[in-house]
Amino acid sequence: MTEPLAPQYDPRAIEGPLYQWWMDRGFYTVDANAPGEPYVIQIPPPNVTAVLHAGHGLNNTLQDVLIRFERMRGRKALWVPGTDHAGIATQNVVEKLLAKEGLTRFDVGREAFVTRVRSFVEETGGVILEQLKALGASCDWSRTYFTLDEDLSRAVREVFVTLHERGLIYRGKYIINWCPRCLTALSNEEAEKEETDGKIWHLRYPREDGLGFVTVATTRPETMLGDTAVAVHPTDPRYVALIGTQLRLPLTDRLIPIVGDEAVEADFGSGAVKVTPAHDPTDFEIGKRHGLAQLDVMTDDARMNDTVPERFRGLDRFEARKRVVAEFEALGLLEKVDAHRHAVGHCYRCDTIVEPRLSDQWFVKMQPLADPALQAYRAGRVSFLPERQGDNYAMWLENIRDWCISRQLWWGHRIPVWYCESEGCRQTNVSRTDLEACPACGGAVRQDEDVLDTWFSSWLVPFSSLGWPEETDDLRAFYPGATLVTAPEILFFWVARMIMAGLAFRGEVPFRTVYLHGTVRDTQHRKMSKSLGNGIDPLEVIDRFGADALRYTMVSGMAVGTDLILDPADLDVSFAPGRNFANKLWNIGRFLLGHLEAGAAPLASIPESELTLADRWILARAEATIREATQQYERYRLNDAAAAVYHFLWSDLADWYVEQVKPRLYGNVPGGETARAVAAHVFDQGLRLLHPVMPFITETLWQRLPNSPADATISFAAWPRPTDGRADAVALEEFGAAQAIIGAVRALRAEYAVGPGQTVSVTVSDASPVAARALAAETDTVRRLAKIETLTVGAAPDEPGGTMVLDDRTIVFVPLGDLVDLKKECARLGAEADKLDTLVAAQDAKLGNEQFVTRAPAAIIEKEREKLVAWRAQAEALRAKRTALGCTD
RNA sequence: GGGCGAUUAGCUCAGCUGGUUAGAGCGCGCGCCUCACAUGCGCGAGGUCGGGGGUUCGAUCCCCUCAUCGCCCACCA
């Protein structure tokens, strides 16, 4: 892996082969029995049919950064990948394919359909895992799982049966959210509420005694065909006398009672509510309390069924709605129609409006599972980032509802329940093994037709992916994991349930920290989605700019608790930060490595006395960066970590140290060995600090450093540690003074348009001790980088020129002769002085404030005094210069 | 209807324990193809930190309030 560097940075030539090399060496395959403290991340398993989108790109980049960071810190870092069978989503895809052949799943039959889905998944599934490799994901692919694998299926069955044994699984008739397109039940979480502008119809139901009407309001008039009562508040004076009487339900010949029920708000609408126990959760409850009939008026696909008058039968629910309303109107029973905004449930897969519907489903009783999960959070055994997400988690658990886990699909884990078909037995058998006959009577059995909610397998992943229910080495070594990185959207679907399952089946939370990152959005802050066409294809970005550019851009743009905004219409602009930085690194590498061909001595072998001020400065900067970056990685402030390293490599190393060190690298000159040792060392350190974010380019350059072991990977290079001996506050201050002087001369040159080929003379007067030492130590550097012909320390000559006063009142003067427009210079100096006067005045007031001086901490007061002294001195120096120049205004 | 978050440079965002001449990247202006890099180098302009009130010696930061935007939760039909 050490061919010569191409003259131009070309990620395409590097990333693919490098990833292959990582794989060939098996670097990321972890041995459960190897020594070391484990660090485990479970990937949020993507849908098996998914293709990589920007959200995956972000999510997996963040995980890879963390796993690579901990790996370099010596942890036994395991990142477990897998895919989710995604019941509804996958079944939908295959059903669509069938539809093209003019077939439905019912035409082909259950067994053939499942076979077909399975082969579809085998042929086309798991693409996303291959795509993650392009991103650089350092997963342990030898442990890749699929939630419908035999092992994980065994775990699912074990959990179902165990929960049943613990009395936490039951079958019940409930109002569930039904998707008439997917033909399945949806959990509350899967029925997404969307605010919708609709209407509310006020319908009159005639009293049986013929003395008028009771008006009810509804947003779904078609359900009136299933009404079995009208409810009013038991104390509502308008209706209390009517409770117990009957109403004639229009369009049918049925009589329905008026009942009194606390659930009715007397203040809303007419105060009377139509009750449809089979089609509304509240009505279902009211119905139960009053023993009302439950009249389901629809078919599975939301057409009116045979319980309704003949003319409505077979009509789609929305057609039926129109007909019902029209007939009410014709009968003079439509009182009014109002606009009404309300939340309507939509299927999270296909966006169809869900129909609340009475049905037999399996449920998990959640309270007993939720309590330990809440307790674990309160005890600090699991924490959330951003912290406030913990409140969401707790609130959900406190108000937990039972989980509807059956789905009327064919693709998934079939419910392990067998019903005895024998008359007189009819036993319901829940079993770990497939049953051929009823254990009670030996009669024929029939397995439940339904499958389990997809999340019923994914909530087990932290341990089922490690071999549970077997007590495997993996399970012992890698459970519990460390960090979960995912999107807040699945906090309830997945995260909370994993915590519950982990506690229920392993007695411990599955991870300590949950990092919930933001969403990738476009510049209008809209979530990226296929339907809006505002998505970014990570693979296109990788192809054009490289995975490192993608990763850096995402990491640096993503602060904890914020969204990532990118412009899908202009990838060049969006990904410029990463692309430019990668190119910059490449060129720092090309330059340094080109001058390190003779090798570099280990830094430790260089005596302290050999180090120049610049050397000591870059080493101090490296150390500060190590501290900063390490701390920020630890705190998941990955953007801050990335920014610290970026600044170190680009501004400190490339802009300053490399420029400073050039003469010492050219040819065989004194100090060359020291320069090479320092340059190699700090570049090495910087690459290591950056590796979690930009793995490819850092590996490529690091392997070519003279002191990198042959055939080694930076993936396992030790994480840099601050070495207290080299940290050098004095060097930071002194080299900083040199930088300031260079900056002052450059600014004056730019101000007076001195051509780049032209040198100038510079006089530094009133130099502070620090500036004087800096000038003495780095004379050549100052002269070269500011293009100075003669550099004098001493009194400034009395002639036209440009003047800058630095913080510690060091005066930098550039005699410019004709180049100086005297008026302009006077104005510039005057403006500078005025600005300082303003500061001085404010500072005077502050320090003159009795309250401030008596109440502020001494250290602050001292700091403020120093500022005042410096500003005052600078202002004075500027005024003196103006006088010397003869400024008159 | 509840709960939460955001509002800082033209754009996207930092600013984590209250004291900074309020920062970065992109964009913009001026000057440069300086033998690692024009995906670059140097210099620079640009901000009443959403409005109002309060606490404090001191507020971008803490509290209240208003406005705008966004997210989550919710069985008012």
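In what follows, chains are A, B, ... by sequence order, proteins preceding strands, each numbered from 1.
- Atom P of nucleotide B:rC41 and atom NZ of A:Lys787 are separated by 14 Å, given to the nearest angstrom.
- Base pairing annotation: B:rC73 forms a Watson-Crick or G-U wobble pair with B:rG1, both donor-acceptor distances under 3.5 Å.
- Look at the P atom in both B:rC71 and B:rG53: the space between them is 32 Å, to the nearest Å.
- Spacing between atom CZ of A:Arg388 and atom C1' of B:rC72 amounts to 10 Å, rounded to whole angstrom units.
- Using bins of under 30°, 30° to 60° and over 60° for the plane-to-plane angle, the ring pair A:Phe581/A:Trp650 lands in the parallel bin.
- Within the 4.0 angstrom heavy-atom criterion, base atoms lie near A:Ala856.
- The pairing partner recorded for B:rA67 is B:rU7, the criterion being a Watson-Crick or G-U wobble arrangement whose two distances lie under 3.5 angstrom.
- By the 30° and 60° cut-offs, the orientation of the rings of A:Phe575 relative to A:Phe545 is parallel.
- Judged by the 6.0 Å distance and 45° axis criteria, A:Lys584 is not positioned over the aromatic ring of A:Tyr646.
- Heavy atoms of A:Pro488 sit nowhere under 4.0 angstrom from any nucleic acid atom.
- Distance A:Tyr752 OH to B:rC32 C1': 20 Å, rounded to the nearest Å.
- Listed candidates were B:rG15, B:rC72, B:rC37. Nearest to the side chain of A:Phe492 is B:rC72.
- Take the nearest nucleotide of RNA chain B for A:Gln851 and for A:Asn392: the residue whose nucleotide is more 5' is A:Gln851.
- Side-chain proximity of A:Ala343 to the nucleotides B:rG25, B:rU21, B:rA74 is greatest for B:rA74.
- Checked against B:rA36, B:rC76, B:rC75, the side chain of A:Glu265 finds its nearest nucleotide in B:rC76.
- Note on A:Tyr646: only backbone sugar-phosphate atoms sit closer than 4.0 angstrom, heavy atoms only; bases stay farther off.
- Among the protein residues, A:Pro577 comes within range of the sugar-phosphate backbone only, with heavy atoms under 4.0 Å from sugar or phosphate atoms but none that close to a base.
- Close to B:rA74, at under 4.0 Å from its OP1 or OP2, lies a side-chain N or O of A:Arg401.
- Pairing of B:rG47, defined by two Watson-Crick or G-U wobble distances under 3.5 Å, is not identified with any nucleotide.
- At a threshold of 4.0 angstrom between heavy atoms, the contacts of A:Val275 with the nucleic acid are absent.
- Using a 4.0 Å heavy-atom criterion, one finds that A:Ala576 contacts no nucleic acid atom at all.
- Ring planes of A:Tyr9 and A:Trp586: tilted class, angle from 30 to 60°.
- Taking side-chain N and O atoms only, A:Lys584 has no distance below 4.0 Å to OP1 or OP2 of B:rA36.
- Counting non-hydrogen atoms under 4.0 angstrom, A:Arg749 reaches nothing in the nucleic acid.
- Cation-pi geometry between A:Arg784 and A:Trp656 is not met at under 6.0 angstrom from the ring centre and within 45 degrees of the axis.
- Comparing B:rA14, B:rC37, B:rG31 by their closest approach to the side chain of A:Thr562 singles out B:rA14.
- In summary, the aromatic rings of A:Tyr205 and A:Phe213 are positioned with their centroids too far apart to meet the 6.0 Å limit.
- Which of B:rU12, B:rU21, B:rG19 sits closest to the side chain of A:Ile565 comes down to B:rU12.
- A gap of 11 Å separates the P atoms of B:rC49 and B:rA22, to the nearest Å.
- Base contact: A:Asp807 has a heavy atom under 4.0 Å from a base atom.
- Going from atom CG of A:Asp567 over to atom P of B:rG10 covers 19 Å, rounded to whole Å.
- Taking the side chain of A:Gln874 as heavy atoms from C-beta on, and the options B:rC75, B:rA36, B:rU21, the nearest nucleotide is B:rU21.
- Among the atoms of the strands shown, none is found under 4.0 Å from any heavy atom of A:Ala272.
- Between A:Trp656 and A:Val273, the residue anchored nearer the 5' end of RNA chain B, judged by the nucleotide with its closest heavy atom, is A:Trp656.
- Rounded to an integer number of Å, the gap from CZ of A:Phe581 to P of B:rA24 is 16 Å.
- With both ends at atom P, the span from B:rG25 to B:rG44 equals 14 Å, rounded to whole Å.
- Here B:rC43 is the nucleotide among B:rU39, B:rC16, B:rC43 with the atom lying nearest to any side-chain atom of A:Arg746.
- A gap of 12 Å separates the C1' atoms of B:rC62 and B:rU17, to the nearest Å.
- Residue-level contact check: A:Asp283 touches neither bases nor backbone, having no heavy atom under 4.0 Å from any strand.
- Looking only at side-chain heavy atoms (C-beta outward), A:His340 and A:Lys199 stay at 4.5 Å or farther from each other.
- Between B:rA38 and B:rU21, the distance separating the two P atoms is 38 Å to the nearest Å.
- Rounding to the nearest 0.5 Å gives a distance of 4.5 Å between CD of A:Glu489 and OG1 of A:Thr519.
- The heavy-atom pair separating A:Leu847 from A:Val853 by the smallest distance is O-CG2, 3.1 Å.
- When Watson-Crick and G-U wobble pairs are counted only if both distances are under 3.5 Å, B:rC41 pairs with B:rG31.
- Look at CG on A:Leu571: it is 17 Å from P on B:rU39, rounded to the nearest Å.
- At a threshold of 4.0 angstrom between heavy atoms, the contacts of A:Lys527 with the nucleic acid are absent.
- Nucleic acid contact for A:Trp650: sugar-phosphate only, since backbone atoms but no base atoms lie under 4.0 Å from a heavy atom of the residue.
- A salt bridge does not link A:Asp640 with A:Arg635: none of the charged nitrogens is closer than 4.0 Å to a carboxylate oxygen.
- In this structure, the CG atom of A:Leu836 is 12 Å from the P atom of B:rU21, given to the nearest Å.
- Dashed line: the shortest gap from a side-chain N or O of A:Asn849 to OP1 or OP2 of B:rG58 is not under 4.0 Å.
- Comparing B:rC28 with B:rA67, their P atoms are spaced 39 Å from each other, to the whole Å.
- The C1' atoms of B:rU65 and B:rG10 are separated by 31 Å, rounded to the nearest whole Å.
- Side chain of A:Val573, nearest nucleotide from B:rG19, B:rC26, B:rC72: B:rC26.
- Taking the side chain of A:Asn580 as heavy atoms from C-beta on, and the options B:rU39, B:rA74, B:rC43, the nearest nucleotide is B:rU39.
- Nearest to the side chain of A:His340, among B:rG25, B:rC37, B:rA77, sits B:rA77.
- Rounded to whole Å, the distance from CD on A:Glu659 to P on B:rG40 is 15 Å.
- The same atom, P, is picked in B:rG47 and in B:rG42; the two are 24 Å apart, to the nearest Å.
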